[in-house]
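In what follows, a single structure is set out as C-alpha cells and then discussed.
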2 protein chains.
Amino acid sequence: MAVTLRDIARKARVHPSTVSRILQNNRTVKISEETRKRILAIARELDYQPNELARAFRLRKTQTIGLIIPDISNSFFSGISHSIEKQIYDAGYNLVVCNTNENLEKERKYVRNLMNRGIDGMIIATCQNDEKYFSDLKKKSLPFVLIDRFFANLATNCVFSDNKNSAFAAVEKLKNLGHRRIGFLRGRAQLSTIRLRLQGYLEAIRQFNLDDENELIAGDGFTVEEGYAATKSLLTLQNPPTALLTSGNRLVIGAMQAIKELQLKLPDDLSLIAYTDNLFTPYLACPLTTISHPLAEMGESAVNLLMQKISRPEDKTVVQIEVKTIFSVRESISACRPRMDE
Amino acid sequence: MAVTLRDIARKARVHPSTVSRILQNNRTVKISEETRKRILAIARELDYQPNELARAFRLRKTQTIGLIIPDISNSFFSGISHSIEKQIYDAGYNLVVCNTNENLEKERKYVRNLMNRGIDGMIIATCQNDEKYFSDLKKKSLPFVLIDRFFANLATNCVFSDNKNSAFAAVEKLKNLGHRRIGFLRGRAQLSTIRLRLQGYLEAIRQFNLDDENELIAGDGFTVEEGYAATKSLLTLQNPPTALLTSGNRLVIGAMQAIKELQLKLPDDLSLIAYTDNLFTPYLACPLTTISHPLAEMGESAVNLLMQKISRPEDKTVVQIEVKTIFSVRESISACRPRMDE
DNA sequence: CTGTTAGCGCCTTCAC
DNA sequence: GTGAAGGCGCTAACAG
C-alpha cells in the first residue's frame, strides 16, 4: 500500500491536515518552520507520493485535458498533437488522446466519457457536422476549443486556418500559369475545412472565368485509396484537367500513385498543388507545391486559449483564431501546355 | 451540479446502494424487476452520468493506460499509437499519451506522474538506457510493457522487432548486388534498437568480408538535420560507400536531401535501404527499398499483453514478443558500379 | 431483495 | 500554529 498523508502524520505525531497544508506549500496558512522541516523530511524519507486521484476527486480538478481527433497517424493531427502535448505538459497537465477515425458515434462516446472522468477541458477536431451538438455542449460549462474544423455560424472557441483564401490563392496561381481546367480533389465533403476550400476554389474559378464543371470535383474521404480513385477518375475524363488541387493529407499519396500509373509527368503533363503537412514533399522527384499548416502554432494557440478558459470560467467571451497556411511553391506546377495525346 | 446516485435514490425513495447495484448491472445480487425498471427509468430521465472519478478512486481502477513515447509526430510512433488507441478503446480504456522528446528526465517525471494518477498499466517506448530503472519499476507492481526499445538482459514484458536480423539481411542483400563498402547511418547510438541493428550490420560485414571501417558508421540522433549531416559526411569521404543503410524514421528525409544536394542519383550512384515507416516511400521518384514495421501488430500485441497482465496480476511470467519487420525491395538498390568521378 | 454503515485519500472550514 | 470534523460520490461488506 502506498504511503499516505496519514502515515506521515502518525510518524510525525501531528494531524493529517497539518501535513496536507505543508505539502501543498500553502503560504496563506502559517506553519512553524520547525514542523515544516520535520514533515518534509519524513515525507522524503517515506518517499511520499500524493494520490492524485483522491486529490482530483476532492478538488474536482484532474489536471487533465482531453484531445479528440480523427486520426493520430495522420501527420496533420500527429503534428498538432505533438505541439499540444508539449504545451499541456509545461502547464502541468496530462493529455488523454481520443481517436475517432472520423466516426461520429465514437466521437460522441468519447466526449461523454471524458466528461464523466472529470477532465478540465477538451480540444476537439470534430468529425461531425452538427452545430446543435456543440451549442448543447457549450451549456455544460466544460471549456473546449475546436481545432481545424469548426462552425462558421456557431460562437465557439476555435483555432482554424484560412481554408478559403488558401484555395483561392492556389487556383489563382494556376490561372496565372495559364491553366483553365483545374480539378479539385476533395476530402470528406461535409467538413467545414473542405467546404471552405471548395468555396475558395469555386469563387476563383468563377471570378477568373475558368472551366466551371461539376466533373472537375471528385472524391469524398481521406484515405490513400480514395485519393487514388478520385485522381484516376479526374485524369481519365474525356477532357481532363491540366492542374489539380488536392485536399487532405493522405489523398496526395493516392494521387501520386494514380499519376504514376497513368505515366503522367509532373509538372509537364499535370500541375499539382497539394494541401499536405508531410515532411517528405520537398524531397520528391518532383518536389510538390504545397499548402501546409503551422502545426506547432495551431497546437499552441489551442492550448493557450483553453488554459485561459479553464482559469477564468466566468469569462464567456468567444475567441476564434485564424492561422495562416503556408504556400510553398516548388516544382510541381508549370505553365499550362496542352496534352500531347489528343 | 451533476446528478448523483443519491439524487436518483431520493427520487425513487430507495437507498443509494440499491441504485448503485442496479446501475452496475451486477447480476450476482438479486433485485426485483420492478424496482430495477423504476430506477433505470429515473436514471434515464435525469440523464444520470456516473462520476467515473469517484468510482476510480473507490475501486482503485481508472480504466486508463499510460503510453510513453519519444515523439508522437514520428510516423513510427504515431502509427503504433493509433493501433494502441484502437485496442484500448475496444477494451473500455482511455489512453494518456506522454511525449518525452527522447528526454530522460521527462520520461521519469511522466512515469511518476502516471503512477500517482493511478493508471492501470503503461506501455513505454523508453529513451533511456538504464536497466536498473526498469528492474526497480517492476517492483512497484504496476503492469507495464516495453515497446520497440527493450533490454536484452532484463526480464520485462516487451514487444520488439528483429533489429539484428533485418540489418543483417539488408547488408547481405547489398553484398549480393556486389557492394563491398556499405555505410551505416545510425540513430541514437545507445538505444537497444540501434545497437542491435549495428550488431547485425557488423556481423554481416565481417561474415562476408566487406569493408569494415569505423568511418562508414555515422550519426547519433534522429532529426532530419542529423540525418542530413551524417549522410553528407559519409558521402564526402575520400572513399565513400556505394550503398547506405539508414536507421531512424526521419533520418531518411535528411539523407535524401543530402543525396539530392550532392547530385547523386539513386540507385545508379548509390544504393539505399532505409528503416522507415513512412507511407510515401513507395511513391518517390526512386521508390525506396525499406525495412518497415508492422505497426498495427505491434500496438495490438502490446495492448493484449498488457491487458493480460492487468487482469491477472498474480501471473508473474514475463512475455517477450518479437515481430518481424517487412523488407520491401524497390528501386533504390542496384548492382554496384564504381563511381565515375574518380 | 434492500437498507445501513463505513471508508477510499485528500482538502477545507471551523475551532482552539 | 495546529487539531478536529466532515464530505466529495461511489461501492462493498454486513445486516436484516
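No experiment lies behind these values; they were computed from the predicted model shown. Every chain is numbered from 1 and lettered A, B, ... according to where its sequence line falls, protein lines coming before strand lines.
- Listed pair Gln24(B) / dA12(D) meets the phosphate criterion, a side-chain N or O lying under 4.0 Å from OP1 or OP2.
- The shortest non-hydrogen separation linking Phe222(A) to Glu102(A) is CD1-OE2, 3.6 Å.
- Looking at residues two or more places apart in sequence or on another chain, you find a side-chain contact (heavy atoms from CB on, under 4.5 Å) between Ser20(B) and Leu5(B), Gln24(B).
- For the pair Arg36(A) CZ and dG1(D) P, the computed distance is 11 Å after rounding to whole Å.
- Distance Ile22(B) CD1 to dG3(C) C1': 13 Å, rounded to the nearest Å.
- When the nucleotides dT11(D), dG9(D), dG3(C) are ranked by their closest atom to the side chain of Arg60(A), dG9(D) comes out on top.
- Bending across the helix from dC1(C)-dG16(D) to dC16(C)-dG1(D), expressed as the angle between its end axes from five pairs apiece, amounts to 40° (10° rounding).
- Under the salt bridge (Lys or Arg N to Asp or Glu O under 4.0 Å) criterion, the residue pairs touching residues 72-85 of chain B are Lys106(A)-Glu85(B), with sequence neighbours excluded.
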Give me the distances for all protein-to-nucleotides 13-16 of chain D N/O pairs that come in under 3.5 Å?
from, atom 1, to, atom 2, distance (Å)
dA13(D), N6, Arg21(B), NH1, 3.3

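- One can place CD1 of Ile8(B) at 11 Å from P of dT11(D), the figure rounded to the nearest angstrom.
- Listed by chain and residue number, Pro143(B), Asn157(B), Leu305(B), Asp315(B), Thr317(B), Val319(B) satisfy the side-chain contact (heavy atoms from CB on, under 4.5 Å) test with Lys309(B) (two or more places apart in sequence, or in another chain).
- As a whole-Å value, the separation of Arg13(B) CZ from dT2(C) C1' is 16 Å.
- Checked against side chain to side chain donor-acceptor pair (under 3.5 Å), Asn116(A) has the following partners two or more places apart in sequence or in another chain: Gln49(B).
- Applying the salt bridge (Lys or Arg N to Asp or Glu O under 4.0 Å) test to every pair with at least one member in residues 6-18 of chain B, sequence neighbours left out, gives these pairs: Asp7(B)-Arg10(B), Lys11(B)-Glu45(B).
- Atoms CZ (Arg10(A)) and P (dG3(D)) sit 14 Å apart, rounded to a whole Å.
- Tyr93(A) meets the ring pair (Phe, Tyr, Trp, His ring centres under 6.0 Å) test with no other residue; sequence neighbours excluded.
- Each of His15(B) and His15(A) lies near DNA chain C, and the nucleotide nearest His15(B) is the one positioned closer to the 5' end.
- OP1 or OP2 of dG9(D) has not a single side-chain nitrogen or oxygen of Thr4(B) nearer than 4.0 Å.
- Residue pairs meeting the salt bridge (Lys or Arg N to Asp or Glu O under 4.0 Å) criterion with at least one partner in residues 49-65 of chain B, sequence neighbours excluded, are Glu52(B)-Arg55(B), Lys61(B)-Asp120(B).
- Between the CG atom of Leu59(A) and the C1' atom of dG9(C) there is a distance of 11 Å, given to the nearest Å.
- In this view, Glu322(B) and Lys324(B) satisfy the side chain to side chain donor-acceptor pair (under 3.5 Å) rule, not counting sequence neighbours.
- Taking only side-chain nitrogens and oxygens, Thr18(B) never comes nearer than 4.0 Å to OP1 or OP2 of dC1(C).
- Atom-to-atom, CG of Asn116(B) to C1' of dG9(C) comes out at 13 Å; the value is rounded to the nearest Å.
- Counting non-hydrogen atoms under 4.0 angstrom, Ser20(B) reaches a base of the nucleic acid.
- Side-chain contact between Arg21(A) and Thr18(A): present, with at least one pair of heavy atoms (C-beta onward) separated by less than 4.5 Å.
- Under the side chain to side chain donor-acceptor pair (under 3.5 Å) criterion, Ser75(B) pairs with Asn249(B), Asn278(B), not counting sequence neighbours.
- Distances shorter than 4.0 Å separate none of the side-chain N or O atoms of Tyr48(A) from OP1 or OP2 on dG9(C).
- Using a 4.0 Å heavy-atom cutoff across all strands shown, Leu5(B) reaches at least one base atom of the nucleic acid.
- The NZ-P distance, from Lys37(A) to dG1(D), rounds to 15 Å in whole Å.
- Of the residues in residues 49-58 of chain B, those placing a heavy atom less than 4.0 Å from an atom of DNA chain D are Pro50(B), Asn51(B), Ala54(B), Arg55(B), Phe57(B), Arg58(B), in numerical order.
- A salt bridge between Glu34(A) and Arg38(A) is present, with a side-chain N of the basic residue lying under 4.0 Å from a carboxylate O of the acidic one.
- The 5' end of DNA chain C is approached more closely, in terms of each residue's nearest nucleotide, by Arg6(A) than by the other of Arg6(A) and Pro16(A).
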